[in-house]
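Count residues from 1 along the sequence.
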Amino acid sequence: MKVAVTYNVPLKGRLDSEDVLQQVNLVVGSLKTLGHEYCVFPVGGERGKGVGMPAADRPGGGRLSIGESVFFLLLDLKKFRPQVIFNLIEETPELNIHLQYFAVIFELFKYNFTGAGYESTLTTTDKALSKLVMNYFGIPTPQSQVFQGVKERIKLPPPWIVKPALEDASVGIDDSSVFTDETALLKVLPDIYTRHGKQPLIIERFIDGREFNISLLENEEGEGEVLPVAEMVFRGWPGGKPKIVGYRAKWDSASFEFKNTVRHFDPADAPLERMKALALKCWKVFNLRGYARVDLRMDRDENVYVIEANANPCISSDSGFMAAAQKAGLEVKDVVSRIINSAFFKTARAARAAG
Ligand SMILES: Nc1ncnc2c1ncn2[C@@H]1O[C@H](COP(=O)(O)OP(=O)(O)O)[C@@H](O)[C@H]1O
Ligand SMILES: [Mg+2]
C-alpha cells in the first residue's frame, strides 16, 4: 500500500510537542517492516527546509504560515497520490483547532486517513464541547462550568480542577490547578485565562480517587476493541498533594511525578467491565475511528467518571496506548497495520453497508 505520513514540525524544546517525532519514527519503522511504500510529509517548520517533497526550491527564511503549510501539503500529496494518509498532525503554532482543521481538509479532498474524522476531532479536542456531548448521551463526567473572562460565582461544590479547554497532554495542569477555596480560585482565574491565550477554562469538580486509561483499537469488523485497562497508581504520594497526572508526570522524566505514576493493568479490585462499557460508549458516541484512549476517574464510592475521550492518542513506544496494546499481545507493527486498515477499508465497508 502507498502511505503518506503527515506530521507537524514540533516546537523546539517542548517535550509534549517533540514527542510527535518518536511517533513518526515508530510508524515509519512499522511501514518498512510491513513492506508498504511510504513518504513522510512534515507540515509547518522553516521555509525551504524539507517541507514536503520538493522543498529545495522554496524561498528560505522564517516559519511557514498555516496557509502556506496547507498549500504545500496538498500539492505534495497530490503528486504522491497516497492510498492512505497516516495522520500524525497534532498541533500547529497558530492554530488551536489543528486536529479538526486537517481532518476536514483530508475529508474535503477525499483522502483515506487514519484516526478520527472531522466531527470526532471537533467534539473530543474541545473540553467544553466534549462535556456537552457526554452529558447529552448520559456518559457520567464530573460537573463543570466554563470561565470565559467574565467573573461569576462557582456553582459547584469544592474541590475543583481548572483546565484550559483546548489543550491536551496535560498542558497547563499541575498541583496549582486544584482548588478548595472559592476566593483563591476567583482571584487567579483571570491570570490563568490570560496565560492560556484567553481560551475558555473548564472549572471541574475534582474527583479525588483513582485514575484509569482505557485504550481502544479498531478491529477488522470496524468495531472498537477494548485493550487491557490501565490504572495509573500514585506511588508514595505525599499527603495533601493532588493525585493527578499533570504535565510533569507525563513529560519530565526526572521529576517525582513522572517516576511515581506507575501503570498497572486490569486491577482485580476495580469495576473493569463497567469501565470498559463506558469506554466503548465513548467510542460510539464520539464516532471514534482507528485508535483512541479514554481517561477515567473513580471516587471513593466507586462512581466512575469519564474525564475525556482522546481521538488519535499518542502512540510513541512509551505511551499508555502502546503499553496496553503490548499487554494485549500486539506488536507495534500490528497496531500500525490495524490503524491503517481501519482507514483504508472504511470506504469498502461503507460501500458494503450501503449496497
Ligand atoms: N475532574 C478531575 N478530577 C480529578 N483529576 C482530574 C480531573 N480532570 C483532570 N484531572 C487530572 O488531570 C489530568 C489531565 O486532564 P485531562 O482532562 O485528561 O486533560 P489532557 O487533555 O491534558 O490530558 C488527568 O489525567 C487527571 O489526572
Ligand atoms: Mg487526558
Atom pair CG (L26) and CG (L88), whose distance is rounded to the nearest 0.5 Å: 9.0 Å
Which residues share a side-chain hydrogen bond (donor to acceptor under 3.5 Å, both in side chains) with D175, sequence neighbours left out: K241
Set of residues satisfying side-chain contact (heavy atoms from CB on, under 4.5 Å) with respect to R300, sequence neighbours excluded: D208
Same cluster (ILVMFWY, side-chain, under 4.5 Å), L296 and F206: no
Residues E90 and Q23: side-chain donor-acceptor under 3.5 angstrom: yes
Residues in ring pair (Phe, Tyr, Trp, His ring centres under 6.0 Å) contact with F113, at least two apart in sequence or another chain: F106
Between CD1 on residue I173 and CD1 on residue I161, distance to nearest 0.5 Å: 5.5 Å
Shared hydrophobic cluster for L129 and I139 (ILVMFWY, side-chain gaps under 4.5 Å): no
Pairwise distance CZ(F102) to CD1(I89) - rounded to 0.5 angstrom: 4.5 Å
Co-membership, hydrophobic cluster, residues L201 and V188, 4.5 Å side-chain: yes
Set of residues satisfying side-chain contact (heavy atoms from CB on, under 4.5 Å) with respect to S120, sequence neighbours excluded: A116, N287, L288
By side-chain contact (heavy atoms from CB on, under 4.5 Å) - contacts of V104 (at least two apart): Y118
Spacing of CD1 belonging to I192 relative to OG belonging to S176, to within rounding of 0.5 Å: 6.5 Å
Contacts of F234 that satisfy ring pair (Phe, Tyr, Trp, His ring centres under 6.0 Å) - sequence neighbours left out: W237
Partner of E308 under side-chain hydrogen bond (donor to acceptor under 3.5 Å, both in side chains), chosen from K131, K163, R293, K127: K127
Where at least one partner belongs to residues 259-286, residue pairs that pass ring-ring contact (aromatic ring centres under 6.0 Å, His included), sequence neighbours excluded: none
Under-4.0 Å salt bridge between R210 and E231: yes
SB check R153 E182 (cutoff 4.0 Å): yes
Any residue meeting ring pair (Phe, Tyr, Trp, His ring centres under 6.0 Å) with Y38, in chain and number order, not counting sequence neighbours: none
Side chain to side chain, L216 and L227, heavy atoms closer than 4.5 Å: no
Residues forming a side-chain contact (heavy atoms from CB on, under 4.5 Å) with S319, sequence neighbours excluded: C314, S316, F321, M322
Minimum side-chain heavy-atom gap Y305-D299 below 4.5 Å: yes
Qualifying residue, where the test is side-chain hydrogen bond (donor to acceptor under 3.5 Å, both in side chains) with Q100 and the options are T121, T125, T123: T125
Within-4.5 Å side-chain heavy-atom neighbours: D295 and V306: no
Side-chain polar contacts of residues 273-280 - donor-acceptor pairs under 3.5 angstrom, sequence neighbours left out - could you list them?
from	atom 1	to	atom 2	distance (Å)
R274	NH1	E302	O	3.2
R274	NH2	E302	O	2.9

Residue pairs fulfilling ring-ring contact (aromatic ring centres under 6.0 Å, His included) with at least one residue in residues 138-169, sequence neighbours excluded: F147-Y193
Selection residues 32-45 - residue pairs positive for salt bridge (charged side-chain N to carboxylate O under 4.0 Å, His left out), sequence neighbours left out: none
Side chains of T33 and K333, donor plus acceptor under 3.5 Å: no
